[in-house]
Amino acid sequence: MNARLTAAARHRLFWPVLVLAILLLSNLIFTPGFFKVEVREGHLYGSLIDILRFGAPLILVALGMTLVIATGGIDLSVGSVVAICGALACLMISKEADQNAVSGVLIAVGLALGLALVLGLWNGFLVAGVGIQPIIATLILMVAGRGLAQLITDGQIITINSSPYERIGAGYLWTMPVSVLIALAVTAAAVVLTRRSALGMLLESVGGNAEASRLSGIRSRQITLTVYVFCGLCAGIAGLMVSSNVSGADGNNAGLFIELDAILAVVIGGTSLAGGRFSIGGTVLGALIIQALSTTIYTVGVPPEITLLVKALVVTAVCLIQSPAFRAKVFRRRSRPPTAPAVADEQPRVEVPV
Amino acid sequence: MSTLMETARAKLPWWPQQRHVPVLATLGLLVLMYAAGAANYRAFSDPQVILNVFIDNAFLLVVAVGMTFVILSGGIDLSVGSVVALSTMLSADLLENKGWPAFVVLPLVLAVGALLGFGMGCIIHYFEIQPFIVTLAGMFLARGLCYTISTSSIPIRDGFWTWMAEAKIRFAGYRISTSVVIALVVVLVAMYVLSYTRLGRSTYAIGGNPQNALLMGLPVARTKITVYTISGFCSALGGVLFSFYTSSGYGLYAVGMELDAIAAVVIGGTLLTGGTGYVIGTVLGVLVLGLIQTIITFQGDLSSWWTRIVVGILLFAFILLQRVIGVRKPTGAAHPPPALASRSST
């Protein structure tokens, strides 16, 4: 029994699942009806559904981020892409004579997603083509992108009144929120593509060592390019959701800090920032933990001012628990002499295999 | 390309060394921008314009110097903007609401910043979590602490603070604020520390290759933690200068300042992978950022968001330049091999 518990605790998703469970259960103490999900006017309704619905953009962005991080990269520009795509879609719709025309909305959505692909391609080109370090390459679009988004909206907040567009972020389909269904579909597609084909292994191989992968016949550059394009697309869809949810585009604040939340979600989910391995399930869990945390803070009645404080503490706790060095130093202190040499820390270490 | 430079250097003794090229390029850009500004706008050639850039960016200069230390050591510090905001907030609250005297508040605020940096450095080193994540948590923490103090802006009317804000140092018809003097002192101290002390050399060595630095017997743990402490201290000092500049404290100040600081460091020719770069480059980088804003103000019909677009284009240009002249690690920066990649987690 003890061995089985240890094995469970060693599983990569053990700690994220535990944290999420604790978060959700702690809600139960403060709001007894927290887990109640009911059908109202043909829509699923409840706190859990809210967490899913508001977490959908973050799940999408974190999903793209996971694959980028799996190849040893990082994409800081997703927040800007979220703002740019929302801005473009809203601008297109606001210029139409009939904002409720489905064709016009489809064209706007298509153009915005097309732009997201181009932005992803730009990042991928800089990383895979020019060979710039990913954190710097995407920093360019992160800085310039906010300016671009404000250029598109002309510094204003564009508000629109289009019921087909609103459905993306706030609508329901088959009793489920459309945004959740979209996030689910994209996640499923990513899982099938990476785990049912060799693509996932190729990604991890490129993340492990791009040059060795290339020498063994993998087209590393194309794979790197593809993940950045996919990440851009995910951010674009998230941008549509965010702007559709509020029926407006704010070039300055839409998707602000979502790249940090997304990276956090990926790290909480157990994907190493060094690349070479990834867990889509872990990422979805990580994104849900971040969203559940915000929801918990509101439902428990903690003043919203200290949301960031709680977030900082939870993030630190989760990262510390997952850090092998922390566990080695704190949990095994009693069984080992405390004079563990600091030199051992610098050895390249291998994570516990799953 | 590098052989071309070798031959050029052999023939021309004044040809710059390869490691100085990025800084010289930034200097060239700065001169070019100034010349373009002076040619297009009448009042631009007044040297006070340059001094004003210093006055308006003294706090950024201090923050960017701290960031230079961290980036040279191969890390990154995302918390600087929040620590700046926390310092303005803490100063304002202690001075105005608690009525503490300025000579107690000032060291206390600086100590809090340094302590935050020290804590992050310890977590990064001893628990082997990526600097990116730890300083991100630090960013949330500092910003959250601001809001626990107050969610609204607090004006500062303290005598010392007002004096520091209003005192102008005049010479030959020009004027600078006291903040500029403090910032320049910080720059000089940073230059000295990085070039002539053991701490400085260890910082470069760790940024170049932490394994080698360790094998050479350099104090990796102490240096790493010191570097983050310096960055925390510089952010707190930057925050104090910022509160001189605005005469108030507010939790929403300096949102995104970490990006400005990183951009200034990169434009100044420091490699984000660590190990190569100069404080003087960072100074030039801050001046470039400041001059862009000045030109956009002089132009008048350009909106403020053009600043960001131009900064993005400049980042791109300078990163390309670094690629072309080949100032980078021989192993290739885009996909470091596992031995190097593990550096980010140690």
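Every heavy atom of this structure was used, including side-chain atoms; hydrogens, water molecules and symmetry mates were not.
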Checklist entry - Measuring heavy-atom distances to chain A, does B/Leu141 have an atom under 4.5 Å in its side chain, in its backbone, in both, or in neither? => result both
Next on the checklist: So, using side-chain contact (heavy atoms from CB on, under 4.5 Å) as the criterion, who are the partners of B/Val255 when residues are at least two apart?
Outcome noted: A/Phe257, B/Arg143, B/Leu252
Item to check | Most chain A-contacting option - heavy-atom pairs closer than 4.5 Å, from B/Leu145, B/Val311, B/Ile76 | outcome: B/Leu145
Next on the checklist: I'd like to know which of A/Ala149, A/Gly145, A/Gly147 tops the heavy-atom pair count under 4.5 Å against chain B.
Outcome noted: A/Gly147
Next on the checklist: Measuring only between side-chain heavy atoms, which start at C-beta, is A/Leu203 closer than 4.5 Å to A/Val227?
Outcome noted: yes
Checklist outcome for this item: Only residue of B/Ile225, B/Val134, B/Ile133 satisfying side chain to side chain contact (heavy atoms under 4.5 Å, CB included) with B/Ile123 is B/Val134
Next on the checklist: Is B/Ile262 in contact with chain A via its backbone, its side chain, both, or neither, using a 4.5 Å heavy-atom distance?
Outcome noted: side chain
Checklist entry - Do you know which two heavy atoms are closest between B/Ala137 and A/Thr316, and how far apart they sit? => result CB-OG1, 3.7 Å
Checklist outcome for this item: Turns out that what part of A/Leu76 lies under 4.5 Å from chain B's heavy atoms comes down to side chain
Checklist entry - If you measure only the distance, is there a donor-acceptor pair under 3.5 Å linking the side chains of A/Asn123 and A/Ser77? => result yes
Checklist entry - What residue, out of A/Val130, A/Leu141, A/Ile74, has the most heavy-atom pairs lying under 4.5 Å from chain B? => result A/Val130
